[in-house]
Protein chains: 2
Amino acid sequence: MAITIKDVAKAAKVAPSTVSRVISNSPRISEKTKERVREAMKELGYHPNFNARSLANKSTKTIGLVMPNSANKTFQNPFFPEVIRGISAKVHQLDYGLYLSTGQSEDEIFEEVQDMVQGRRVDGIILLYSKVEDRVIKYLHEEQFPFVIIGRPYDDTLKGITYVNNDNFKAAKTVTEYLLLLGHKCIAFIGGNLDFVVTIDHMQGYDRALRNAGIEPRDDYIVFHEELQEGGQEAVIDLMSLPERPTALIVADDIMTFGVMRMLNEMEIHVPDDISIISFNNVMISELSTPPMTTVDINIYNLGYEGANCLIDLILHPDIGARKVIIPHKMIKRQTTQRLATNAVAPEVN
Amino acid sequence: MAITIKDVAKAAKVAPSTVSRVISNSPRISEKTKERVREAMKELGYHPNFNARSLANKSTKTIGLVMPNSANKTFQNPFFPEVIRGISAKVHQLDYGLYLSTGQSEDEIFEEVQDMVQGRRVDGIILLYSKVEDRVIKYLHEEQFPFVIIGRPYDDTLKGITYVNNDNFKAAKTVTEYLLLLGHKCIAFIGGNLDFVVTIDHMQGYDRALRNAGIEPRDDYIVFHEELQEGGQEAVIDLMSLPERPTALIVADDIMTFGVMRMLNEMEIHVPDDISIISFNNVMISELSTPPMTTVDINIYNLGYEGANCLIDLILHPDIGARKVIIPHKMIKRQTTQRLATNAVAPEVN
DNA sequence: ATGAAAGCGCTAACAA
DNA sequence: TTGTTAGCGCTTTCAT
C-alpha cells in the first residue's frame, strides 16, 4: 500500500490529526512540529490520498467539463482546446483539477452529469456549449448545483444562472453593418446548428442590421448547416445557385469558412473580389487561410478563463448571486472583405 | 446530504451490505431482493458516492490524460480533440472517466502527475505526447504505474513500456520516396519541435530515403520550428531565400502547412506548380486548404482509441506484458503534389 | 441469501 | 498546541 498519514505520524512522532493539520497548514500547530512533520513527509514521499480527502471533506477540488457530444465533428473545432486552455489556467492557479465528460450522445452525457453531481465527483460544472432545449441545464438548475455556461441559457424562465458569453447579437449586427457600409446589399448568412444559442443570436443580429438598413432579409440567403466542413461547402453550392448571388457572406465559424473558401475557389469565384466574407471566432489557424480571413475575435481563451473564475467563486461562495459576464469581441480585418465592386450592382447614390 | 446506501437499505429493508452487493450485481443475492433494492434506488434517486467507492475499492475508474504544456500553442492543434475523442470512446464503453492535466510548465506537469499517481486519483495515465528526455516517463516507469504513451519512448533503456504509435519513420521515408519518384531532387524538410520523438523519426525517414536515392541531405534544407503557425511561415522564408530553392517540401504537421501555404501564396510561389508539399496528420481541416493538401493520415482517432484500450488492459491485467501497437498510416493524395516541371531542372535521363 | 462490523485514508469536533 | 475519536459512504470478510 501507499504511504499514509499514519506512517508520517509515526515517523514524526505525532498524531495523525497533527499531520492532517500540517497539510492544511493550520495556524494551531507550532512551527517546530510543522517542520518535523514536513520532513517526515518529504522523506517518506507522502502524497495525500485524494479520495479519502474528498470523502472526509465533501469537496473534490475538481470541476467537470461537459462537451457537446463527441460523436459529432463539432468537437474537432479548435475552439475547444482553446477554451480548455483558458479554463486550465485559472483552475490550476487555485489547485483545482479537471474532469471530462466522455458521452457520445445526449442521453449518455445527461447520465454522466447526473453521476458527477450525485456521485460528488466534482464540485462544479462548466458547460462548454449552450443549446436551446437542454436537459442538462435544467437538471443542474433544479439541483442547484454550481455550474456556469460558456454561452448563455436560452430559456429565460431559468433564473439565476451564471454564464460567460460574447455579445453575439451585437457582433453579428456590427459585422452586417460593416458589410452594408462597404456597399453590399446581397448579404447571405451561413449559420451553424440551429440548436445552439449562438446561432440564433448571430442570425438575429444579422436580421436586425438588415432591417435597420431597410433591407428585408431573404429566406434563401439564410442557411444553416450542422457539419463544420461539409456544411460550409454545401452552403456555398446552395447560395451560388441562386439567381441573384450574394456578394457577401457572414459565416458562423472560421472552420466553416475554410470550407466556404475551398468551394468558392473551385468555382473560381474570387475572394474578396467577387465576394466578401466575414466569420466568427478567430481560432489560431484563421489567419492562415488564403487569403487570410476577416473574422470576429471572440477571445476564446478568456471565455474559458472567466468561466472557471466564476465557477470557482460560485463554489466557494454559494450565496454569491448569479453573474453574467460578457467577454468583449473584436473584428479582425484581414483580406476577405472589400468594398462592393461598382460594376456588380449600380450603387444607390443616396 | 445526498442520499446514501443506508437510506436505500432502510427503504428496502435490507442491510447496507446487501445494497452494495446489488450495485455490483453479486450473484449471491436473490432476484427478488435485487428487484426490491433497485426499486428503492430508483425511487430515492440513489447514485453511489464516487470517492467512498474509490476509497474502499482502491480503484478510481478514471484515467489521467497528460498533455504537453498548455502554455504552448502546440495544444491548439486539432490533433488533441481528435485523440481525446478516440480515448473517450473506448473509455466510455468501459465506464471509465477522464481526468485532465492542467499544468502550464514541465515542472507543474510533473508535480501533477506525481499527485495523480501517489494520491490515487487515477488508475492509469495516457501521455498525449512523447518527448525526448522526459521525467514523467521515467517517473511513471520507476513507479511501475500503468501508463501508455501516444507516440513512443525515446530512451531504449526503459524496457516494458506500452505505447501506441505510427511508423513515422516509414511514413516520412515513403513520402520522400514519392516525391523523388515525381522527379524532385531538391526536397526540404520542415520539422516540428526537435524535442518530440516524432520529429526525429520523420527526419530520419526523410534522411534515409534521400541517401537510398544517392542524394546527400543538405543541412540548409532541414529546418525545425516550434510554433505551429509562425513556424511554417518562417521556414518558408528561410528556404526560399536559399540560392537553390527546394521544389518540394515535407512538412511535419498540417497546421504548419497552412502557414507554409499562406507564405508561399504571398510570395506568389504556386502550389503545386512551383513547389510540391506533403505533410502529416490529416486533421479535419486539412482537406479545406486551397489547394487541398496531400498529407499522411495517421489515424489520430485510433491512436487514442487503442491507447485507451491498451491502458485499460494494463490496469485490469497488470501481469500482461508491455504492448507496442502501430497504427497504420495512409498517404492521402490531394492537390499539393505534382511531378516536377521539366523546365525547372533538367531531369536526369537515367 | 443476508447481516454485522471492520476498514479504506483523511478531517474535525472534542478533549486535554 | 496536540491527541483521541468518530465519522465520510462504500466494500468486504466473516458470521449466520
Side-chain angles (χ1 to χ4, degrees), chain A residues 1-38 40-41 44-62 95 97 115-123, chain B residues 1-38 40-41 44-62 95 97 115-123:
Chain A
M1 239 2 278
I3 140 133
T4 81
I5 214 174
K6 283 191 182 174
D7 302 318
V8 178
K10 212 161 290 173
K13 295 181 193 307
V14 294
S17 52
T18 303
V19 178
S20 174
R21 290 190 183 103
V22 174
I23 291 173
S24 54
N25 198 24
S26 159
R28 315 170 10 152
I29 299 291
S30 75
E31 273 310 320
K32 313 107 206 288
T33 46
K34 271 190 188 173
E35 257 331 296
R36 200 146 42 87
V37 170
R38 287 203 179 109
M41 298 201 308
L44 301 182
Y46 170 78
H47 283 251
N49 179 307
F50 246 109
N51 297 300
R53 211 153 204 251
S54 302
L55 186 57
N57 259 347
K58 277 136 176 24
S59 146
T60 59
K61 283 283 226 170
T62 114
D95 272 316
D115 284 349
M116 288 192 209
V117 171
Q118 312 272 4
R120 298 287 177 267
R121 194 167 187 149
V122 298
D123 292 346
Chain B
M1 239 2 281
I3 141 129
T4 81
I5 214 174
K6 282 190 182 174
D7 302 319
V8 178
K10 211 159 290 172
K13 294 181 192 308
V14 293
S17 49
T18 303
V19 178
S20 175
R21 289 189 184 103
V22 173
I23 292 173
S24 52
N25 198 21
S26 159
R28 312 171 14 155
I29 300 290
S30 75
E31 273 312 319
K32 312 108 205 286
T33 46
K34 272 190 189 173
E35 257 331 297
R36 200 146 42 87
V37 171
R38 288 203 181 109
M41 300 202 305
L44 301 183
Y46 169 77
H47 283 252
N49 178 305
F50 209 76
N51 297 298
R53 212 152 204 251
S54 300
L55 186 58
N57 261 345
K58 279 132 176 23
S59 146
T60 60
K61 283 283 225 169
T62 114
D95 273 314
D115 284 349
M116 287 192 208
V117 171
Q118 312 273 2
R120 298 285 179 268
R121 196 170 186 143
V122 299
D123 292 346

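Just so we're on the same page: letters track the sequence lines, and every chain starts at 1. Keep in mind it's a predicted model, so treat the numbers as computed, not measured.
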Of the nucleotides C:dA12, D:dG9, D:dG7, which one has an atom closest to the side chain of B:Asn49? D:dG9
Which of the following nucleotides, D:dT2, D:dT11, C:dG9, is nearest to the side chain of B:Arg53?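 Minimum distance to the B:Arg53 side chain belongs to D:dT11.
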Under a 4.0 Å heavy-atom cutoff, the residues of residues 9-22 of chain A touching DNA chain C are A:Ser17, A:Ser20, A:Arg21
Any side-chain heavy atom of [X] within less than 4.5 Å of one from [Y]?
| X | Y | result |
| --- | --- | --- |
| B:Thr62 | B:Phe50 | yes |
| A:Thr18 | A:Ile29 | yes |
| A:Thr60 | B:Asn51 | yes |
| B:Lys34 | B:Asn25 | yes |
| B:Ile5 | B:Tyr46 | yes |
| B:Lys61 | B:Asp95 | yes |

When the axes are fitted on five pairs at both termini, how much does the helix from C:dA1-D:dT16 to C:dA16-D:dT1 curve, in 10° steps? 40°
Atom pair distance, as rounded to whole Å: [atom1] in [X] and [atom2] in [N]:
| X | N | atom1 | atom2 | result |
| --- | --- | --- | --- | --- |
| B:Arg36 | C:dA1 | CZ | P | 14 Å |
| B:Ile5 | D:dG9 | CD1 | P | 11 Å |
| B:Asn57 | C:dG7 | CG | C1' | 13 Å |

Indicate, with a heavy-atom threshold strictly under 4.0 Å, whether B:Tyr46 touches base, sugar-phosphate, or nothing.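 Contact class for B:Tyr46: sugar-phosphate only.
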Determine the contact category for B:Thr33: base if any of its heavy atoms lies under 4.0 Å from a base atom, sugar-phosphate if only primed atoms, P, OP1 or OP2 are that close, otherwise nothing. sugar-phosphate
Of B:Leu55 and B:Lys34, the one whose nearest nucleotide on DNA chain C sits closer to the 5' end is B:Lys34
Using heavy-atom distances to pick each residue's nearest nucleotide on DNA chain C, tell me which of A:Ile23 and A:Arg28 is more 5'.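 Here A:Ile23 is the residue nearer the 5' end.
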Where is the tightest heavy-atom contact between A:Ala40 and A:Ala12, given as atom of each residue plus distance?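 Scanning both residues completely, I find the closest heavy atoms to be CB-CB, 4.0 Å.
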Would you say B:Lys58 reaches C:dG9's phosphate, i.e. side-chain N/O to OP1/OP2 under 4.0 Å?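 For C:dG9, OP1/OP2 do have a side-chain N/O of B:Lys58 under 4.0 Å.
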With a 4.0 Å cutoff (strictly under), does any side-chain N or O of A:Ser54 reach OP1 or OP2 of C:dC10? no
